[in-house]
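The figures that follow rest on heavy atoms only: side chains count, while hydrogens, waters and symmetry mates do not. This is a predicted model, so every value here is computed, not measured.
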Amino acid sequence: MPSQHKAREPLLTRRELIVKSALTCGFAAGAGALGYLFYSDEPINRRKEKIYTFKDYAIAQSNVYPAFVVVRGKVIPQMAAAALDRLGGISRFINPGEKVLIKPNVGWDRQPEQAANTNPELVGAVVALCREARASEVWVTDASINDPYRCFARSGIEDAVNRAGGTVKYASENDFVLTDLKGQALRVWPVSRFFHDVDKVINMPVVKQHSLSRCTIAMKNWYGALGGQRNRLHQDIHTSIADLAAAIRPTFTIIDATRVLKRNGPTGGSLSDVAIENTIIAGIDEVALDSYSLGFLELDPSDIPFLEIGEKRGLGVIDWASLHYEELNI
Amino acid sequence: MNKFLTLRNIRRIYSVFFFGLFVLLLVITDFRNMKGYEVSLFLELDPLISIAAFLTSWTVYKGLALSLVIIVGTLLLGRFFCSWICPMGILNQWISHLFNKRRPVDDYRTNAYRPIFRIKYYILTLLIVLALFGSLQTGLFDPISLITRSFVISAFPALHYSGGELYIRQPVFSGGLFIAVIFITILFANRFISRFWCRVLCPLGALLGILSSRSLVRIRRDVEKCTDCQKCLRYCHGGCDPHAELRISECHACMNCIEDCPEDAIHYGLAREFSSVHRPVDVNRRRLIETALTGIVLFPMMRSVVNAQSTFQHDVIRPPGSLAEDEFLRRCIKCGECMRVCPTNVIQPALLEGGFEGLWTPVLMNKIGYCEFNCILCGQVCPTGAIMPLSLEKKIGSPPFHQPVKVGTAFYDRGRCLPWAMNTECIVCEEVCPTSPKAIWFETTEISLRNGNKKQLKLPRIEPELCVGCGICENKCPVQDRAAVRVTSIGETRSPFNRMILKN
């Protein structure tokens, strides 16, 4: 009996045979070519990631204006305006149409009174000043240690920035790009990409006690630019801080010493850890500013190795009293 | 009446609305968007949760009273929840409709009642018997818990991974794939039996079926007008035999049969002159008794095992405000709301750390996140009070409270700690410790190095009375694979017995 499945393959003509064998040979050759093209000694074809470097955000030096200004008072927007006015006005630093990044300390899920983060009123005031200088965009960012949404909301900074016309930039995990810091301890490290997208950078730290580095003020504030495993930086904290300060040269710095966290830093948490000092300090030289601010924490520059490293690298002057500075009371 | 505004279309609009509302409420369940919204609404509407939790602890807790709306509604109107409100039912309906291409004759066959539909009543019986003894396992099978858990643990994180921008950091969940596979399997089962989950397995459907067995308003078929064409069967959601003696406990009141009847023989309402009789719940009494007996036998077996209740488990660290383990297991429905709202991803679905009863209950894994000191969100979203809502003052122990809520205590592993074991500067743990004064302190000691040099080193230590067990020290420790400081559950506020120190 013939098979039930009796569909038969048709016989090939000469032409069909040639076409079919050409196709099969073509596939075979294609497979061989792909093998040849992709042959490698490496198990994985890694994409080369672009490595960024920091721009120099600093402006040209000038002897006309004081090196730094200390303003004491209670009305924060006025204090900020006065400080910048003495330094030559905001237009000395920010040109119309420029993108500005402000880096306050927003590391912790704490309220303003607890002084773990930069004073929101001061951040708002500086955003408004940048707006007045017709900056095209004013971004405020930090790589917070606690949940960023909570940090920005509960520190009051999100609200202050939005009201002043700035934008809070939350650094999500995709917002860090490899950047060469060219330091001694820190070389290629993930850095918040916002730093590479702007023209000017303003450092806005708060003065706090810190157990390992003794103080966290302007130079240490740059920790918040980094992503990755920055908890490893503690193993050589002074070199790391100096490396960061050398890599990121801000346009200017305003230190918030309106409330100073004197104990249990840098987290604080209790109002008894906070001293009300009602002061802000603005200037360009981060070493001098840090060195001046040590007074709030009853520390001496000789306690702080990173200041010395910074001075040796030419980042600034520890002996702030030797500089031309101004003090104002408002 | 408007030609578009048929009962079927009204039901469709409701189903889209409620499914959308379910997803929306889950999307806004986070610190920034939650505000005062009743984000656990669907879990609170669920009668199975409220009744089972009532049986385990004899309270109707806060928002769970909302389930009375559904209970009373079902007593009057029938099992309308399943096709009008239940996101799990609606999703299964869509899936069974979308992914099946069938001939009409297959529709008639697939929508006919089958004896396998009885299984859900046996599942319900087992869960209720266990609940009566004090073990709340409804969360395993409750559809709202199941879909919430599946969305929170697998769907949302997967959506973010594919570029959905739902979170600031990719959430990861322990054993998340397990939950995803179960969910996908349930959805896939619609390929074989339409609404397999709803008709065959769903214990909430069974409960609502029983509640609806005396409902006043029902689908009614006029035996005089009916020509036995069976067109009513073609799009039937429940598989409730609308063409014959309607099985009222299976009927979802989807209203399809009304629109599909060419003779206008079916209506939804009170009985009329020629309305057909209905069939009661179809269960086998012997099977029912067998299931109940299984529960009675199973319960002592479930409890005479090693779990977080019989022996304290170091890694069963519950969210702040959690009840003591026995009470916690009486309340937790494994819905995953706390895991959704947690800003640091520290709350994870337990596997078997706390025994089988604790499967998918929330535990803190400090390797993944840490308990944010000033955060009280998990207690605010918990629908059953397994995690009690805390005020911030109560959690952190500021006046008028004297003690913070502790979830555990941190311990140093001096063999792994950089300063203790490697003579390396570190104390990141001290920096991030959130209490004031800090529970982590350090002693500056001069140590001798291998080459004979001396070095000043800060050696960290824990003050157990101050430690709240938040785990940020463990989370931020640079020894990342197995941190040099780790939190275990001892000293947790919720247990008066899991304590080591005499004083507190």
Side-chain angles (χ1 to χ4, degrees), chain A residues 107-111 114-116 143-155 158 168-176 208-214 216 220 223 227-240 261-274 305, chain B residues 30-33 160-161 163 165-171 342-346 369-375 377 392 396-398 404 418-419 422-442 444 457-458 460 466 470 472-473 475-480 483:
Chain A
W108 310 95
D109 174 15
R110 301 281 183 185
Q111 284 151 317
Q114 295 171 321
S144 310
I145 295 172
N146 291 153
D147 173 46
Y149 289 141
R150 292 187 67 90
C151 293
F152 274 92
R154 288 177 36 94
S155 67
E158 183 183 7
V168 172
K169 287 285 190 183
Y170 296 100
S172 78
E173 57 198 339
N174 302 324
D175 287 325
F176 290 92
K208 293 191 286 181
Q209 179 265 344
H210 189 282
S211 295
L212 195 59
S213 62
R214 308 297 301 275
T216 159
K220 177 150 190 319
Y223 262 56
Q229 261 184 284
R230 66 184 195 211
N231 49 11
R232 273 160 48 205
L233 270 53
H234 269 217
Q235 292 160 34
D236 194 358
I237 198 163
H238 296 290
T239 318
S240 303
L261 189 61
K262 306 194 91 153
R263 284 172 295 280
N264 283 308
T267 52
S270 167
L271 294 186
S272 61
D273 302 331
V274 178
Chain B
D30 65 20
F31 167 70
R32 280 150 67 85
N33 303 308
H160 179 79
Y161 189 85
E165 302 279 319
L166 277 164
Y167 307 83
I168 199 160
R169 195 162 60 101
Q170 172 71 45
C342 177
T344 71
N345 197 196
V346 67
Y370 60 92
C371 183
E372 192 81 82
F373 190 62
N374 286 318
C375 172
L377 292 172
L392 186 56
I396 67 175
S398 64
L418 296 179
M422 324 268 171
N423 296 336
T424 304
E425 199 87 87
C426 184
I427 62 162
V428 173
C429 44
E430 190 267 358
E431 174 182 9
V432 295
C433 181
T435 60
S436 177
K438 286 174 185 284
I440 297 178
W441 60 286
F442 57 84
T444 311
L457 207 56
K458 295 185 169 79
L466 293 173
C470 73
I472 192 170
C473 49
N475 185 251
K476 307 285 183 188
C477 177
V479 191
Q480 294 182 94

Exercise. Do B:E165 and A:S172 have side chains that get closer than 4.5 Å, going by heavy atoms?
Worked result: no

Exercise. How close do A:G268 and B:S436 get, heavy atom to heavy atom, and via which atoms?
Worked result: O-CB, 3.8 Å

Exercise. For residues A:S211 and B:K438, is any side-chain donor paired with an opposing acceptor at under 3.5 Å?
Worked result: no

For this session: Not counting sequence neighbours, which residues clear side chain to side chain contact (heavy atoms under 4.5 Å, CB included) with A:R154? List them please.
Result: A:D109, A:Q111, A:R150, B:F31, B:N374, B:L392

Exercise. Chain A heavy atoms under 4.5 Å from B:R32: which part of the residue, side chain, backbone, both or neither?
Worked result: side chain

Exercise. Is it the side chain or the backbone of B:I168 that comes within 4.5 Å of chain A heavy atoms, both, or neither?
Worked result: both

Problem set entry | Any residue meeting side chain to side chain contact (heavy atoms under 4.5 Å, CB included) with B:C342, in chain and number order, not counting sequence neighbours | B:T344, B:V346, B:I347

Exercise. Out of curiosity, A:S213 OG to B:E425 CD, how far, rounded to the nearest 0.5 Å?
Worked result: 10.5 Å

For this session: For A:I145 and B:Y370, work out which heavy atoms get closest and say how close.
Result: O-OH, 3.5 Å

For this session: Can you measure from SG (B:C426) to CG (A:L233) and round to the nearest 0.5 angstrom?
Result: 11.0 Å

Exercise. Which pair of heavy atoms, one from B:V428 and one from A:N231, lies closest together, and at what distance?
Worked result: CG2-O, 3.3 Å

Exercise. Where is the tightest heavy-atom contact between B:P478 and A:R232, given as atom of each residue plus distance?
Worked result: CB-CG, 4.2 Å

Problem set entry | Contacting moiety of B:I472, where chain A heavy atoms sit under 4.5 Å | side chain

Exercise. Will you find, in the side chains of A:Y149 and B:D30, an N or O donor that is under 3.5 Å from an N or O acceptor?
Worked result: no

For this session: Under 4.5 Å heavy-atom distance to chain A, tell me which part of B:C433 shows up: side chain, backbone, both or neither.
Result: backbone

Problem set entry | Atom group of B:I440 that falls short of 4.5 Å from chain A, counting heavy atoms | neither

Problem set entry | Chi angles and distances behind the side-chain hydrogen bond (donor to acceptor under 3.5 Å, both in side chains) call for A:H210, B:E431 | CA-CA 7 Å; A:H210 189 282; B:E431 174 182 9; 3.2 Å; yes

Problem set entry | Contacting region of B:Q480 [heavy-atom separation from chain A under 4.5 Å] | side chain

Problem set entry | Atom of B:P343, atom of A:D147 and distance for their closest heavy-atom approach | CB-OD2, 3.4 Å

